[in-house]
Number of protein chains: 2
Amino acid sequence: MTKIRDIAKRAGASIATVSRVVNGSGYVSAGMRARIEAAVRELDYRPNAGARAMRSGSSRMVGVLLPALDVHFFGILAHTVEQALFARGYQAMICSTAESPEHEAAYVGAMLAQQVDGVIMAAVASDGAGVGRLVAAGVPIVAVDRALPGLAAVAVDHHAGGRMLARHLLDLGHRAIGVVGAPDHSAPVQERLAGITAELAGAGLAPVAVRLGAEHGFEACRALADALLGEVLPTAIIGTTDMAAIGAIHAAAGRGLVVPRDLSVIGFDDLPAARYTIPQLTTVAQPVREIGQAAVERLLALMEGKPALPPPVLALRLVERGTTGRV
Amino acid sequence: MTKIRDIAKRAGASIATVSRVVNGSGYVSAGMRARIEAAVRELDYRPNAGARAMRSGSSRMVGVLLPALDVHFFGILAHTVEQALFARGYQAMICSTAESPEHEAAYVGAMLAQQVDGVIMAAVASDGAGVGRLVAAGVPIVAVDRALPGLAAVAVDHHAGGRMLARHLLDLGHRAIGVVGAPDHSAPVQERLAGITAELAGAGLAPVAVRLGAEHGFEACRALADALLGEVLPTAIIGTTDMAAIGAIHAAAGRGLVVPRDLSVIGFDDLPAARYTIPQLTTVAQPVREIGQAAVERLLALMEGKPALPPPVLALRLVERGTTGRV
DNA sequence: TTGTACGCGTTATCAG
DNA sequence: CTGATAACGCGTACAA
C-alpha cells in the first residue's frame, strides 16, 4: 500500500503539504500541487480510510441494515439507497440479517466498530436490542419501510395501502374476499391487513378468510392460498405482497379457476414480478426508489444536524392490470 | 464511543491487559478476565475497526463488487456471499457499480482505502482498469459468474449451458429455434449464445433469428422477443436468461400464440421468477448459492495462502416445467 | 507557503 | 501474569 509518506518523498514535499492537496484544505503553491497530484496519480495513492476515520472522527460510511438481500424488494431498496449514498460521497455498509437476531446483533456491533456516521434500517423483525445500542451510541438512524418508535421514518402508509386494496375490490362488486399474506411477523404486512379489515368493516364486511404464513417464498405462498381455497371460495383474494398474490394465482390455476373470471387477485408492492404473470397482476405500487432516496436525504440531514425535513410524501398508486375484474 | 482506555480504567487494568482478553491472546488471570469482560459488556465496548486494521494490517473485510443489486440474480448472489463471509468472521463490503465504469473505479478506490483483505467480483462489464489496480495492490481476487483473465474464477460453464438449452429443444424435435437475450455486453450471455450456436451447428442447424438487447428489464426483453416474432415464426425460443424467456412468453401471448403448443420457451438461471408464469418456465438451473459459497471458500484459501483449491464442480441442471413441448 | 510534531485507538513487544 | 510503550497512517495546530 502506498501511503502519504511515499507521495511526500516522491514529490519532494512534506506529508502536511500532501495532506493539504489531497483534502483541498489550506494554501499550496500551484507548482507543488501539480507535482503532488502527479505523484498521487502515478502511485495510485488512497488515504487509508481507517486512519482517516480515526483522525477525523467520521468514516463517511452509512450502515444499511436489511432483513435480506435475496428478497427482491430489499435488493432494489439496497440498490437505490446505495446509489443515493454514493452520489453524496458516502459509502454504504450493507448488511442483511437473514432475519436472525444474532446476525442483527453482530452487524450492529460491526457498524459501531466501523464508526458509521449513520444507519438506515428496514423492517428488521427483532428490533429493540440492536436499535437501542445504536441509539445509545448516538448514531443517527432513519427507519425505512416500517417505522420504529421514536425514530425518523420513511415508509409508505401501509394501512392506507390495505384500504386501497379492499376498496378496489369493493368497487368491483366483490363481497367475499379472502386475504393471503407473508411473512406474518412483518409489521407492514400486519398494517396492510388491518387496513383491509378496516375498509371492509366500513362496508359492513369482514374477510371470509385470512391466511398468514411465516415464509414468504413462492411455494409457501402458493400453499397458503391453496389451503384457503380449499376451505372457502371467495370471489377475490388479496395478497399482502405481490409474492402472496402470485401464489394465489397459481393456487387458483391449480384448482381450475380462471383469473379474473372466477377469482380476482390483487397484490401489493408492484415489484417487477407483478408483470410476469399472465394476465399481469393488478397491484398497489409503492415507490421503492423514492423511499430509498428520501431515507438517504433524511439521514444526511440528521447527520449534518439540519432541521428535520418534513415527512416525505410517498404516494401509493393502484395499478390496474389484468387480474381483477367485476364479480 | 467507549474505547479501550475506558474499559481499562473501569476494570482497574492496563490497556494491554484489556487488549489481551478482547483478543484472547496471552495469559490473563481468571479474576482480571472476569472484571474486564464485565466492563466490556456494561459499556458495550467495540474495538475501533479502523485502529485495529491500521495496527494489525487486516481489516477482516472483503469487497464484493457486483453490477447491480436490483437484478434478482445478483441480489441472491450478494446474499449468499455475505452470509458465507459472515459465518467465517468476515465482513462484506458490498458495492454495486450500476454497470458504470466511474462507479467501478470509485468503488475499487474505496476498497483499497478500506484495506480490504480480498475481493469477490462478478460480471462487471468494464473490467480491466479496476481489476488492474486491485492486482497491482496485491489484493487476492476471485471472479464469480464470469471468469476474468488470470484470476481464480467460480462460474458455471455457460457454454455448456447454452448447449443444454439447444439440446433440450432439439430432443423435442424443434428445428426452427430463435434466441433472445440481454444484456448483450454480458460475457455469460455471449457464451451461452455461443454454446447454443455450437450445439445447433452439430445438428446442421443455425438459429433462425438472434436478438440481443442492451437492457435486461422485463419490458425490454418482451419488446425484443416481439420484434423477433414479427420477423420469423420459430417453433421455439431460447432466452439466455429467465428474464428474456419470460419476455418471450409475454410476446407470444401478445400475438395469440399458446405456449407450449404453438411455441416452446426455455430460459436460463432458474430464478424464483421462473415459477411465476403459467405454465411455469422450463429452464437450465445454475446453483447460485453454491457459487457464492465456493467463491468465498476460494477467496479465503487465497487469502490464507493455502494451496489453490481445485475448481468447484458446479452442476447445471435442466428443470423441465411447462413451457417446452414436442413440436 | 511549507514543515514539525502530536494524538487518534489498537496491538504487539519487551520488561518486570 | 501484568503494564509501559512503540508503531500503524493520517490530519492539523503551530512554528518557521
Side-chain angles (χ1 to χ4, degrees), chain A residues 1-37 39-40 43-61 91 109-117 137, chain B residues 1-37 39-40 43-61 89 91 109-117 137-138:
Chain A
M1 271 299 84
T2 129
K3 37 199 179 182
I4 201 170
R5 255 176 271 273
D6 303 330
I7 303 296
K9 195 161 301 177
R10 175 139 179 152
S14 73
I15 59 166
T17 307
V18 174
S19 177
R20 279 190 206 99
V21 350
V22 169
N23 295 293
S25 61
Y27 298 93
V28 181
S29 66
M32 179 102 283
R33 155 165 292 127
R35 287 217 309 287
I36 291 177
E37 282 172 347
V40 165
L43 273 50
D44 194 23
Y45 167 65
R46 292 280 144 191
N48 180 302
R52 184 177 248 191
M54 195 155 102
R55 242 330 284 196
S56 69
S58 161
S59 62
R60 305 239 14 123
M61 263 206 284
Q91 233 244 276
M111 288 183 179
L112 257 16
Q114 290 291 349
Q115 310 268 82
V116 295
D117 295 343
Chain B
M1 271 299 84
T2 129
K3 38 199 179 183
I4 201 171
R5 256 176 270 273
D6 303 332
I7 304 296
K9 197 160 298 176
R10 176 140 179 152
S14 72
I15 59 168
T17 307
V18 175
S19 179
R20 278 190 207 99
V21 350
V22 169
N23 295 292
S25 61
Y27 298 92
V28 181
S29 66
M32 177 103 283
R33 154 164 292 127
R35 286 217 310 286
I36 291 177
E37 281 172 348
V40 165
L43 273 49
D44 193 22
Y45 166 65
R46 293 278 144 191
N48 180 303
R52 184 175 248 188
M54 191 156 105
R55 189 47 235 207
S56 69
S58 160
S59 62
R60 307 246 0 132
M61 262 208 284
Q91 232 244 278
M111 287 182 180
L112 257 16
Q114 290 290 349
Q115 312 267 81
V116 295
D117 294 343

> What are the 5'-most and 3'-most nucleotides of DNA chain D lying under 4.0 Å from any heavy atom of chain A?
Replying inline: D:dG9 to D:dT12
> Which pairs, with at least one residue in residues 1-10 of chain A and sequence neighbours excluded, count as a salt bridge (Lys or Arg N to Asp or Glu O under 4.0 Å)?
Replying inline: A:Arg10-A:Glu42
> Contact class for A:Met32 vs. all strands (heavy atom < 4.0 Å): base, sugar-phosphate, or nothing?
Replying inline: sugar-phosphate
>> Side chains of A:Pro47 and A:Val22, heavy atoms from C-beta outward: is any pair under 4.5 Å?
In response: yes
>> If the condition is side-chain contact (heavy atoms from CB on, under 4.5 Å), which residues does A:Ala53 pass it with, not counting sequence neighbours?
In response: A:Ser59
> Can you tell me if A:Asp117 uses its side chain to pair, donor with acceptor, with the backbone of A:Ser58 under 3.5 Å?
Replying inline: no
>> Applying a 4.0 Å non-hydrogen cut-off, can you work out what A:Ala13 is touching in the nucleic acid: base, sugar-phosphate, or nothing?
In response: sugar-phosphate
> Which sits closer to the 5' end of DNA chain D, B:Met54 or B:Ser29, going by the nucleotide each is nearest to?
Replying inline: B:Ser29
> Heavy-atom distance under 4.5 Å between the side chains of A:Gln91 and B:Gln114, does that happen here?
Replying inline: yes
> When rounded to the nearest 0.5 angstrom, what is the spacing between OG1 in B:Thr17 and CD1 in B:Ile7?
Replying inline: 13.0 Å
>> Five pairs per end, C1' atoms only: what is the angle between the end axes of the helix from C:dT1-D:dA16 to C:dG16-D:dC1, to 10 degrees?
In response: 40°
> A:Arg46 and B:Leu112: which non-hydrogen atoms are nearest, and at how many Å?
Replying inline: CG-CB, 3.9 Å
> What closest approach, in Å, do B:Thr2 and B:Tyr45 show between heavy atoms, and which atom pair accounts for it?
Replying inline: O-CD1, 3.3 Å
>> Applying side-chain hydrogen bond (donor to acceptor under 3.5 Å, both in side chains) as the test, list every pair that has at least one member in residues 47-57 of chain A; sequence neighbours left out.
In response: A:Asn23-A:Arg52
Distances for protein N or O near nucleotides 10-14 of chain C N or O, under 3.5 Å:
residue	atom	partner	partner atom	Å
C:dT10	OP1	B:Tyr45	OH	3.0
C:dT10	OP1	B:Asn48	N	3.1
C:dT10	OP2	B:Ile4	N	2.6
C:dT10	O5'	B:Tyr45	OH	3.3
C:dT11	OP1	B:Asn23	OD1	3.2
C:dT11	OP1	B:Asn23	ND2	3.2
C:dT11	OP1	B:Arg52	NE	2.8
C:dT11	OP1	B:Arg52	NH2	3.0
C:dT11	OP2	B:Ser19	OG	3.0
C:dT11	OP2	B:Asn23	ND2	3.3
C:dT11	O2	B:Arg55	NE	3.2
C:dT11	O2	B:Arg55	NH1	3.3
C:dA12	O4'	B:Arg55	NH2	3.4

> Between A:Arg35 and A:Met32, does a side chain to side chain contact (heavy atoms under 4.5 Å, CB included) hold up when you go through it step by step?
Replying inline: CA-CA 5 Å; A:Arg35 287 217 309 287; A:Met32 179 102 283; 2.5 Å; yes
